[in-house]
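Written out below as structure tokens is the structure these notes cover.
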Amino acid sequence: NEVRKVQSALAVLQRVAPLLQVPSLMRQHIENANFSLVVKAYRKVLVIDKNHCDVDLLQYVRAKAGEAAQDARQDLELILADETSSGKSLLDAIRDLGELLELLEEEEESKGEGTPANKGVTTPRSSGQANNAPKVGTFTIDRHVICVRDYPPALACLFLQTTHFRSLVDKAVAGAEASAERIFRGDGTDNASNQSSTGGNSSSEMSSAGASSQRSRDKRWKFEVLEARVDATKSAVTLAKNWLPRLLQIGLATQEAEKRRMARLHRRRKMSLLSATTSSGSISTGENESSEGEKSMMSAHDVFKTIVNPALTRLVEHIAYCSLGCANQGSKVRISATFGRGSAERLRVILKSPLPPTQTARCALDLAELAEAIQESNEGILAIRSIGDDSEGTKITYHSPLERCSQLTNDAVIMIEQRVCIYSFDACARKCSISASGSGVFDGDALLQCVQKLSDDLTRSEECSKEIEKGCYMVSQKCCEGLAGYVKDRSDAARLRVVAECANALNTTIVDVVREVSYLTNGQSESLESNLSSVISVLEREMFDVFLESVKRNVSACARLGFIENPSDQQNKKTDDSAPFPPYLAASFLTIVRCRAQVERALRDLRRAEGTTYQFLALQTASDGVVENICLELKSKLNHVRPQADVFSIHLQFLISTLKKYLSDDILSLASDTRRMLLSASTGGRGAGKGMGNGPEGLTAVENLERLGRVYVMCLGE
């Protein structure tokens with residue numbers, strides 16, 4: 001019998017051996033922070049019925065497992081209250097603590113909630129909790145006292161983390177103010193110097209070196225305050241980017257837990273109503289009381305509305321103040337100061353002033369990232385709403401708690417990107433003006449690169465369309481002013497260079513710029529091309545008109561008849577076949593050829609806006625000037641040229657036939673009238689004009705002129 005008893009006892013011990021190991025396993029898992037295995041191990045010991053089990057050893061095992069479960073609960077609560085915990089660890093802790101609380105419900109009903117938690121401590125976290133907290137599960141965060149055990153795990157975690165976020169926002173604002181004040185006190189010493197100057201002769205004893213050192217310090221602290229604003233902006237944006245997704249994950253978990261809790265409550269109430277017969281009154285009363293308690297508890301939507309939204313709004317206002325300082329001129333948005341209201345006047349001026357271009361560009365990137373993060377959170381938070389707001393009507397009219405933050409961030413991004421546009425085009429205008437006035441170059445590529453860079457940097461380009469259009473116009477205007485300054489005290493070659501630069505800009509660069517701006521602003525800058533073309537065309541026309549006036553002056557000086565010989569002096573000269581090419585025609589053709597070469601070298605085959613080439617316009621002006629001057633001189637010297645009227649009529653006929661395609665209608669009419677005048681004034685039978693006119697001898701003379709002047713004819717050909 002004794003042997004059988006021993007064998008039976010050993011068999012029982014072998015069967016319960018896994019249960020006996022549960023407390024030690026739970027301690028190991030707690031040390032390793034593997035709470036899902038703690039919950040799994042604790043679930044095993046629940047098979048021990050503490051009310052009907054007479055084995056003291058098993059009762060002891062269950063008690064020790066319950067103590068380990070309470071310690072695990074404290075550790076999980078510490079994880080929920082830790083601001084450095086990752087989002088994944090928080091979600092895992094919420095899940096594990098929820099499952100653990102479901103298993104502890106029976107234990108907590110039979111015992112006081114604080115009794116097992118206040119027993120001996122086995123983990124570092126629970127040790128800190130027991131020594132520092134006045135009540136188990138109570139945490140103090142920046143004067144806000146939160147008891148985790150008053151709420152479900154997900155809601156408690158949301159309370160704790162949002163309180164941490166609110167505290168970090170307050171610290172960020174206070175840190176920015178402290179940094180600015182420290183810089184101002186360390187380098188801005190005007191107050192001390194003003195006080196010491198009242199002491200008599202101390203101000204007069206300051207040396208020039210000391211004064212320059214003071215001025216240097218005064219400048220340095222201003223730059224350092226501006227850099228501190230940039231650093232504060234970056235740190236605040238980082239805070240928002242790190243915490244918003246974290247809070248959103250916890251909020252979604254809280255929303256799901258809230259739905260599950262309400263579903264369980266509804267199911268219990270339904271089951272109680274079905275099973276209740278005579279005693280249903282007391283049961284339903286308890287359920288109604290619990291239902292009222294559930295409904296009175298704050299939801300995730302309420303937490304975001306009452307805690308997250310004010311804290312995030314303050315953070316966004318702080319970021320806008322640090323990065324912008326003040327609103328843009330004409331903007332309806334107001335930038336409120338988040339710190340420095342009681343600071344010195346000089347410091348407040350620097351805090352409210354716009355940042356320089358480099359710092360503004362850096363802050364613009366941070367603000368764009370902030371706007372993207374808030375927009376994503378704003379879209380994700382639409383899933384977090386009160387349980388009663390799930391109907392179709394409320395979904396349509398639902399407004400996110402972060403709507404105002406999103407709008408404020410969007411306004412700040414628009415303002416700072418407008419400043420980026422202004423600064424970028426201002427720098428481009430200075431560069432292009434220097435290049436134009438120094439080298440005579442219309443640097444349209446710099447303008448195109450500026451627009452392309454803005455296309456990569458801007459996120460609200462459509463709202464910056466006015467600044468982009470004004471900036472492009474300003475750059476073109478500065479280029480034209482620089483080119484106008486370049487041609488001062490310079491020759492016609494400089495003017496033709498400017499004309500060529502303007503023509504290239506009108507035909508190529510401006511077209512590319514307008515196309516890029518149209519893509520950038522979604523077609524909102526419809527008048528940009530006409531504005532840019534008008535400002536460039538004015539300079540182009542002005543420069544080319546000045547060149548044409550110079551051509552006219554040169555032609556009037558070269559196209560002269562010169563000395564006119566008497567017929568008696570020509571009797572001993574060579575015959576017409578061996579006569580030289582007329583000098584005044586040679587001089588006139590050389591002037592035209594020189595004009596053509598000058599324009600061709602500078603402008604090549606460029607065309608004006610109306611389609612006519614610059615070369616044709618220059619040749620037309622030169623040809624008109626030559627023929628007009630010769631005709632007018634022939635008319636004024638008709639009495640002197642009468643003996644040689646036939647010769648000059650042949651010359652004029654050759655001139656018209658050679659330059660016909662360049663001559664205007666008025667000049668052709670003038671030349672025809674002059675030639676008829678010469679033919680009517682011809683001597684007919686005397687002098688060098690004998691036998692000439694419209695007959696064969698006149699044709700021979702024209703052919704002779706074409707032979708002698710074929711070089712000029714070839715130069716004026718295509």
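Here the structure is a predicted model, which is why all the values come from computation and not from measurement. Atoms considered below: every heavy atom in the structure, side chains included; atoms not considered: hydrogens, waters and symmetry mates.
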inquiry  = Please list all pairs meeting ring pair (Phe, Tyr, Trp, His ring centres under 6.0 Å) that have one or both residues in residues 440-459, counting only residues at least two apart or in different chains.
reply    = none

inquiry  = Show every salt bridge (Lys or Arg N to Asp or Glu O under 4.0 Å) that has at least one partner inside residues 518-539, sequence neighbours left out.
reply    = none

query = Got a donor-acceptor contact below 3.5 angstrom from the S424 side chain to the C421 backbone?
reply = no

note = Of all heavy-atom pairs linking A300 and E258, the shortest is N-OE1, 3.8 Å

query = If we only count heavy atoms from C-beta on, is the I79 to F35 side-chain gap below 4.5 Å?
reply = yes

query = So do the side chains of T521 and E462 get within less than 4.5 Å of each other, counting heavy atoms only?
reply = no

inquiry  = Given 3.5 Å as the limit, does a donor-acceptor pair link the side chain of S89 with the main chain of S86, or not?
reply    = yes

task = Taking the side chain as every heavy atom from C-beta outward, state whether V230 and L226 have any atom pair closer than 4.5 Å.
result = no

key: Short side-chain donor-acceptor distance under 3.5 Å, Q359 and E227   = yes

query = Any sub-3.5 Å donor-acceptor pair from S435's side-chain atoms to K431's backbone N or O?
reply = no

task = Please examine the side chains of S455 and Y519, heavy atoms only from C-beta on, and report whether any two atoms are closer than 4.5 Å.
result = no

ask   = Does any N or O in the side chain of S439 come within less than 3.5 Å of the main-chain N or O of V441, such that one atom is a donor and the other an acceptor?
value = no

ask   = Between S437 (side chain) and S433 (backbone), is there a donor-acceptor pair under 3.5 Å?
value = yes

Any side-chain heavy-atom pair of R149 and E77 under 4.5 Å = yes

message = Using every non-hydrogen atom in the two residues, find where L97 and P153 come nearest and quote the distance to one decimal.
response = CD2-CB, 3.8 Å

task = State, yes or no, whether a side-chain contact exists between L506 and S533 at a heavy-atom distance under 4.5 Å.
result = yes

ask   = Is R229 reaching over with its side chain to a backbone N or O of C322, donor-acceptor style, under 3.5 angstrom?
value = yes

task = Tell me, please, which residues at least two apart from F159 pass ring pair (Phe, Tyr, Trp, His ring centres under 6.0 Å).
result = Y151

task = Taking the side chain as every heavy atom from C-beta outward, state whether E181 and S343 have any pair of such atoms under 4.5 Å apart.
result = yes

query = Hey, are the side chains of T162 and F304 touching, using non-hydrogen atoms and a 4.5 Å cut-off?
reply = no

note = Residues V517 and C472: closest non-hydrogen pair is CG2-SG, 4.0 Å

ask   = Are D426 and R430 ion-paired here, with the side-chain N under 4.0 Å from a carboxylate O?
value = yes

Pairs meeting criterion salt bridge (Lys or Arg N to Asp or Glu O under 4.0 Å) with involvement of residues 155-170, two or more places apart = D170-R314

message = Quick check against the 3.5 Å criterion: does R341 have a side-chain atom that pairs as donor or acceptor with the backbone of A337?
response = yes

ask   = Which atom pair, heavy atoms only, marks the closest approach of R497 to Y486?
value = CD-OH, 3.7 Å

query = Under 3.5 Å, is there a donor-acceptor pair linking the side chains of R419 and N328?
reply = yes

task = Check for a donor-acceptor pair, side chain of S530 on one end and backbone N or O of S527 on the other, with a separation under 3.5 Å.
result = yes

task = State, without any angle test, whether E403 and Q407 hold a side-chain donor-acceptor pair at a distance under 3.5 Å.
result = no

key: Sequence neighbours excluded - side-chain hydrogen bond (donor to acceptor under 3.5 Å, both in side chains) pairs with any residue from residues 347-358   = E345-R348

query = Considering residues at least two apart in sequence or located in another chain, which fulfil the ring pair (Phe, Tyr, Trp, His ring centres under 6.0 Å) criterion with Y321?
reply = F339

query = Hey, does the side chain of S235 reach the backbone of A232 with a donor-acceptor pair shorter than 3.5 angstrom?
reply = yes

ask   = Between R515 and D512, is there a salt bridge with N-O shorter than 4.0 Å?
value = yes

query = Can a donor-acceptor pair be found between the side chains of S36 and N34 at a distance below 3.5 Å?
reply = yes

query = Quick one: do K453 and D456 make a salt bridge, cutoff under 4.0 Å?
reply = no

query = Is a side-chain N or O of D443 found less than 3.5 angstrom from the main chain of C432, in a donor-acceptor match?
reply = no

Trace of the side chain to side chain contact (heavy atoms under 4.5 Å, CB included) decision for I146 with T138 = CA-CA 6 Å; I146 299 174; T138 302; over 6 Å; no

key: Test applied, side-chain hydrogen bond (donor to acceptor under 3.5 Å, both in side chains); reference residue, T459; option that passes from E369, E372, E417   = E417

